[in-house]
Amino acid sequence: MNAVSKPKAVALVPARAGSRRVVHKNIRCLGHHPLLAYTIQSALQSGVFEAVVVSTDDARYADIARHYGAQAPFLRPADLATATSPDIEWVAHALENLAGDGHHYDCFSILRPTSPFRTADTLRRAWRAFAGDPRADSLRAVEPCRQHPGKMWLLRGSRMQPLLPFANGTQPWHSSQYPSLPEVYVQNASLEIAWTRVVLEQGSIAGSAVVPFLTQGREGFDINSEDDWMLAEVLLDSGAAVLPKVDLPPYGGTGRHAVGQGGTW
């Protein structure tokens, strides 16, 4: 797809304030900046997006997002910012509000702040894969599944049933050796890209024709627990992972709201 016909894309960064497993994780300090900063900066540096928009229900989060170069033109309603709110709701809310202000986009990407090791290059690779498939509805990041679902079970009272009742000939998957099982991939939280029409016409963020994007190294690393957070710090301290470069002073400067190692606001 040449530069003339390049679709207009917006990066949507979800950053609700109500995280329970890692309190205020989206603005908690990792390295020298809040987690949110690395996703915003990677998106801006990628050159893929016309705009980077943060969807949050908290004015403080919005202020931090603006400091790092994102737009936060509206706040997300509380009923779209619960732990069980489906993505389609806040995505539709964001696209509708942007359109209401005269900003229309052909496609969007969901970039969650909990994947801080995703880089601008990651985003450029994903964009090329998406734009290179004219029949795609969306693209989603995946990685090889570490625990094969063919070995998983559902409990039904005092009995179990295999989650996937498949077999290699007459041999059930749950009783097969791992090397004989088909490769299975699991989605991670690092990125999704889709055409806006998929949301408007199908009420979906994926559609039916989904392109796989295989993340590399730590690109798909996702922080969802305190253990994940500790591992992220270990990876940074050991040099096993590197955060995207942020050429801005930490939010709050040197005042009472300045960021300390591992701190929050």
Side-chain angles (χ1 to χ4, degrees), residues 12 14 16 18-23 25-26 78-93 108-118 122 126 129-130 133 135-195 198-199 201-232 234-235:
L12 300 179
R16 69 183 188 90
S19 175
R20 296 177 182 175
R21 287 178 290 182
V22 183
V23 177
K25 66 182 177 183
N26 290 316
D79 62 334
L80 303 186
T82 70
T84 58
S85 297
D87 287 329
I88 185 62
E89 293 183 350
W90 70 262
V91 168
H93 173 265
F108 65 92
S109 180
I110 299 175
L111 303 178
R112 304 178 200 278
T114 51
S115 290
F117 304 127
R118 177 211 313 105
T122 310
F130 175 72
D133 189 336
R135 296 185 178 181
D137 288 331
S138 67
L139 170 146
R140 183 166 296 208
V142 294
E143 61 189 45
C145 193
R146 293 175 183 169
Q147 293 188 329
H148 201 288
K151 298 284 189 178
M152 296 180 182
W153 297 79
L154 298 173
L155 302 187
R156 293 290 184 262
S158 62
R159 298 289 185 271
M160 299 194 306
Q161 295 178 346
L163 177 65
L164 299 179
F166 298 126
N168 290 325
T170 60
Q171 187 73 9
W173 276 9
H174 58 74
S175 297
S176 299
Q177 299 290 2
Y178 260 81
S180 69
L181 297 175
E183 189 78 45
V184 175
Y185 295 85
V186 60
Q187 67 185 45
N188 60 48
S190 63
L191 66 91
E192 297 160 56
I193 306 175
W195 294 102
V198 176
V199 172
E201 298 171 5
Q202 302 182 37
S204 167
I205 61 169
S208 56
V210 184
V211 174
F213 176 71
L214 273 65
T215 51
Q216 303 172 3
R218 305 293 180 181
E219 291 174 331
F221 185 89
D222 186 36
I223 298 176
N224 267 315
S225 68
E226 286 291 348
D227 286 347
D228 294 333
W229 194 281
M230 288 189 291
L231 178 55
V234 169
L235 292 171

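No donor-acceptor pair closer than 3.5 Å links the side chain of H148 to the backbone N or O of E183. Between the side chain of S138 and the backbone N or O of A206, at least one donor-acceptor pair lies under 3.5 Å. Proximity of a side-chain donor or acceptor of S176 to a complementary backbone N or O of P172 within less than 3.5 Å is detected.
Inter-residue side-chain proximity for L214 and V142 is flagged as met; some heavy-atom pair is nearer than 4.5 Å. Contact check for D137 versus V211: no side-chain heavy atoms found under the 4.5 Å cut-off. Contact of the T114 side chain with the N26 side chain is registered, since non-hydrogen atoms from C-beta on lie closer than 4.5 Å. Considering only heavy atoms from C-beta on, I110 comes within 4.5 Å of R112 through its side chain. Counting only heavy atoms from C-beta outward, the side chains of Q171 and Q177 never approach each other to under 4.5 Å. Between D133 and R135 the shortest side-chain heavy-atom distance falls below 4.5 Å. In this structure, the side chains of E192 and I205 come closer than 4.5 Å at one or more pairs of heavy atoms. In this structure, the side chains of W173 and N168 come closer than 4.5 Å at one or more pairs of heavy atoms.
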Next on the checklist: Test salt bridge (Lys or Arg N to Asp or Glu O under 4.0 Å) on K25 and E226; report intermediate values, then the result.
Outcome noted: CA-CA 10 Å; K25 66 182 177 183; E226 286 291 348; over 6 Å; no
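Between the CG atom in L111 and the CD1 atom in I193 there is a gap of 8.0 Å [rounded to 0.5 Å]. Between the CZ atom of R156 and the CD atom of Q161 there is a distance of 5.5 Å, given to the nearest 0.5 Å. Going from atom CD1 of I223 over to atom CH2 of W229 covers 5.0 Å, rounded to the nearest 0.5 Å. Taking CG of L191 as the reference point, atom OG1 of T215 lies at 8.0 Å (rounded to 0.5 Å). To the nearest 0.5 Å, atoms CD (Q187) and CD (E143) are separated by 10.5 Å. To the nearest 0.5 Å, the span separating CH2 on W195 from CZ on F130 amounts to 5.0 Å.
Using cut-offs of 30° and 60° on the angle between ring planes, the pair F117 and F221 is tilted.
Here D227 does not pair with R21 in a salt bridge; the nearest charged N to carboxylate O distance is not below 4.0 Å.
A donor and an acceptor atom, one from each side chain of T122 and E219, are located under 3.5 Å apart. With 3.5 Å as the limit, one finds a donor-acceptor pair spanning the side chains of N188 and S190.
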